[in-house]
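Let me begin by presenting the structure, written as structure tokens, before commenting on it.
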Amino acid sequence: MSADVQLDRVSIRFGDFTAVKNADLLIGAGEFFSFLGPSGCGKTTILRAVSGFQEPTEGRVLIGGRDMAGVGPNKRPTALIFQNLALFPLMKVWENIAFGLEVRGVPKAERRKRADELLELIALSGQGDKLVSELSGGQKQRVAIARALAVKPEVLLLDEPLSALDLKLRQHMRTELRAIQRQVGVTFIYITHDQGEALTMSDRVAVMSHGEIQQVGSGEAIYRDPKTAFVASFVGENNALRGRVAEISGGYARVETEFGPMRGRAGPGLSAGARAILFVRPEALEPREAAENAISAPVLSSEFEGHATHAFLARQEGKPLVVTRSGGAAGAAPPAPGAAFPVAFDAERGVVLPEGEVASE
Amino acid sequence: MNRLRLPTFGGLGATVGIVFSLLAAFWILMMILLPVSYMADFSFRYDLPPGKIGGPEDVHTLDNYRYLLFGPKGSPETLSILGFEFKANVLHLNVFFKTILAAVLVTIIDFCICYPVTYYMAQKAGGGTARLMAVCLILPFWVNEILRAFAFRILLGTGGVVNTTLMDLGLLSEPIDFIRLDIALYAGLSYAYILLMIFPLYNALESLDRNQIEAARDLGAPTWRIHWRVVMPHAKAGIASGCTMVFMLAVGALAMPQILGGPSNLWFTQVIYDRFNTSLNWPLGAAYAFVLLTTCILFVLLVMRLFRVNLGEIAK
């Protein structure tokens, strides 16, 4: 069983501070949905509103079409996995998993049976009688998932559950989480500030900043077609070229930048004469001469990263321009520092967006 | 195996460590072990006039302990249990068990009051509110115990503030004798040791990760089950430590029962006090005190065993 979750114009305020501004979206039943944003953007507050620990100041939260106003966290068909997992240290592993069943008055023998089934699902068979402290980080992680799944929730809420793990384990758990989600078919709502996690696991991602949902879409759509300057700068690496819009025509906009006029696809809300930012991904910049969208700037430094090489080009102000070449590509090595590096990009691969908040990283 | 290690006092060197360890050993020996063993020896001797002490009659005996159980020789008092008649020191044994029971009751009252208050302080209240609450709890204890006891007498006496207020409000037609009913005594004792319950409980509850509570709630647990399965097991050592201290001090209280006890109610410490100071029978008083001490220690150990707490945890 899984249920859809609807945020109906939800706003949450703490005193003067607005944590969530008018969030309005529908998360489909069985969907793997992520909220992505820097810390303090309000994503955890949204999660708490869905789980019932926080009542919205305005608007409604609906789960399976049912208004959740006044329904406490212990009465909602949701289960939450905490950032620090919050396993019960004084209970055995199986007791942890079966706690939700104990609460529901399930007899002990049946609880144990169900816990063992779940231990099998998370590949921890036979570890039920251990204490939580005897498990490794990844195992604890899986126990937390099993504990949440034991109550057969319709929606599983995950609050950055992988952030405490090391990189290798984190990447492994991504695949595992996705597999578990497919297997149980429950709606997953995932909170993270790690775009890698959000993009690899989710069906759809909502990018948030300062309490506002900036854009909702598949990972690919968000990466390729950012709708705001924040999304363009927060998701993936991006070069930002600031300037004034000279002309908009046929879905493309020309911007006067420090490197001269540049053309890119026109994003929403642009108007001629207004300030805008042209975003171009490091991998979209190719070392070639061109008549249009050509840049030539001296190399400051370069980094070899195995699968790719990054070159940093000098700019009049701001962060250097990054050019990324696939490590295997012929002639991937950039010129030596100091030498000019002529690069160009297709107008189709640049995006012009109205000037706005840019993620600082 | 754990080897005995001297504390090093942050690298100040073995000398300082040895000096402090010796000081602690001196303290334990001179202030605790010696006087207590002196009293223990006392409790096994006859009450002799000064001239005969050290004489041929000054031998060890169980007489004092027998006295507590069976009373003076030739006493007509008997105790009937299951139809059997025993010769017994009914008055003192009665007081003895009543004292222990009353101390248990005081401990339970304190726990019932302190647990919710402390839980609120540790988990719900913000830092400022929690500090304010702590100050409000501590300040009254600047007033000494005797004064507080008399204050309770004034509050709860038949002509006291509580009775007159209730009568003025028309809630009572006749004053309630809180002192005769021992309500004043229980109130006074509970109040006297409340901090000793609050502090260990606060320490234990404060260290509980709030996510644990929310996780339990999220999994569907009602409030009572969250406390029973998550909060109390976490705070077990603190609860044990608080209850032990309150129980031990309540059993050993003297001033409060003296001032607030009803006319018919006697605390066992008063009986002991009387042996020492009124009857001037120190050996008998020592025996009584030892019986009380031993019983209390055994009782506490038994309760700790029942709740599966060990001494090491309490010290944490």
Side-chain angles (χ1 to χ4, degrees), chain A residues 14-15 44 47-54 71-92 95-106 111 115 131-132 140 143-161 164, chain B residues 115 118-120 122-129 200-243 303-316:
Chain A
F14 301 107
T44 299
L47 197 76
R48 292 179 69 80
V50 176
S51 61
F53 288 108
Q54 180 68 52
V71 181
N74 48 347
K75 304 275 187 228
R76 295 193 183 193
T78 58
L80 177 58
I81 295 178
F82 290 80
Q83 189 163 6
N84 67 355
L85 306 182
L87 294 172
F88 306 125
L90 299 171
M91 294 182 205
K92 287 176 183 162
E95 288 175 313
N96 261 282
I97 295 175
F99 183 77
L101 304 174
E102 180 187 327
V103 167
R104 284 158 180 76
V106 176
R111 293 205 302 262
L131 281 173
V132 172
K140 282 183 197 163
V143 171
I145 294 167
R147 183 177 72 175
L149 289 176
V151 298
K152 298 214 161 97
E154 293 170 26
V155 180
L156 193 67
L157 307 165
L158 303 100
D159 185 7
E160 308 213 20
Chain B
Y115 183 81
T118 321
Y119 180 77
Y120 180 83
Q123 288 288 334
K124 302 269 178 191
T129 319
L201 271 185
Y202 183 81
N203 261 342
L205 290 172
E206 200 248 2
S207 65
L208 177 64
D209 172 16
R210 193 171 303 189
N211 284 348
Q212 297 258 319
I213 299 164
E214 292 198 342
R217 160 133 299 161
D218 187 62
L219 289 166
T223 306
W224 71 266
R225 195 187 286 271
I226 296 175
H227 283 277
W228 183 245
R229 289 288 275 145
V230 178
V231 184
M232 284 193 188
H234 173 86
K236 198 164 76 172
I239 294 171
S241 158
C243 287
V303 173
M304 274 165 54
R305 168 64 63 88
L306 277 178
F307 287 94
R308 304 207 177 118
V309 192
N310 59 45
L311 269 177
E313 283 179 74
I314 288 191
K316 267 195 274 188

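Lettering follows sequence order; numbering is per chain, from 1. If you're wondering where the values come from, they're calculated on a predicted model, not measured in any experiment.
For Phe82(A), the part lying under 4.5 angstrom from a heavy atom of chain B is the side chain only. Residue Gln83(A): no heavy atom, backbone or side chain, is found under 4.5 Å from chain B. Looking at Leu80(A), both its backbone and its side chain come within 4.5 Å of chain B, counting heavy atoms on both sides. Only the side chain of Asp209(B) comes within less than 4.5 Å of a heavy atom in chain A; its backbone stays farther off. Neither the backbone nor the side chain of Arg210(B) comes within less than 4.5 Å of any heavy atom of chain A.
Here Gln123(B) contributes atom CD and Leu205(B) contributes atom CG; the two are 7.0 Å apart, rounded to the nearest 0.5 Å. Once rounded to the nearest 0.5 Å, the distance linking CZ of Arg147(A) with CG of Leu85(A) reads 8.0 Å.
The most heavy-atom pairs under 4.5 Å with chain A, out of Lys236(B), Gln212(B), His234(B), come from Gln212(B).
Scanning all heavy atoms of the two residues, the minimum distance from Pro200(B) to Gly242(B) falls at CG-CA, 3.6 Å. Ala148(A) approaches Ile81(A) most closely through the heavy-atom pair CB-CG1, 3.8 Å.
Between the side chain of Asn96(A) and the backbone N or O of Leu87(A), no donor-acceptor pair lies under 3.5 Å.
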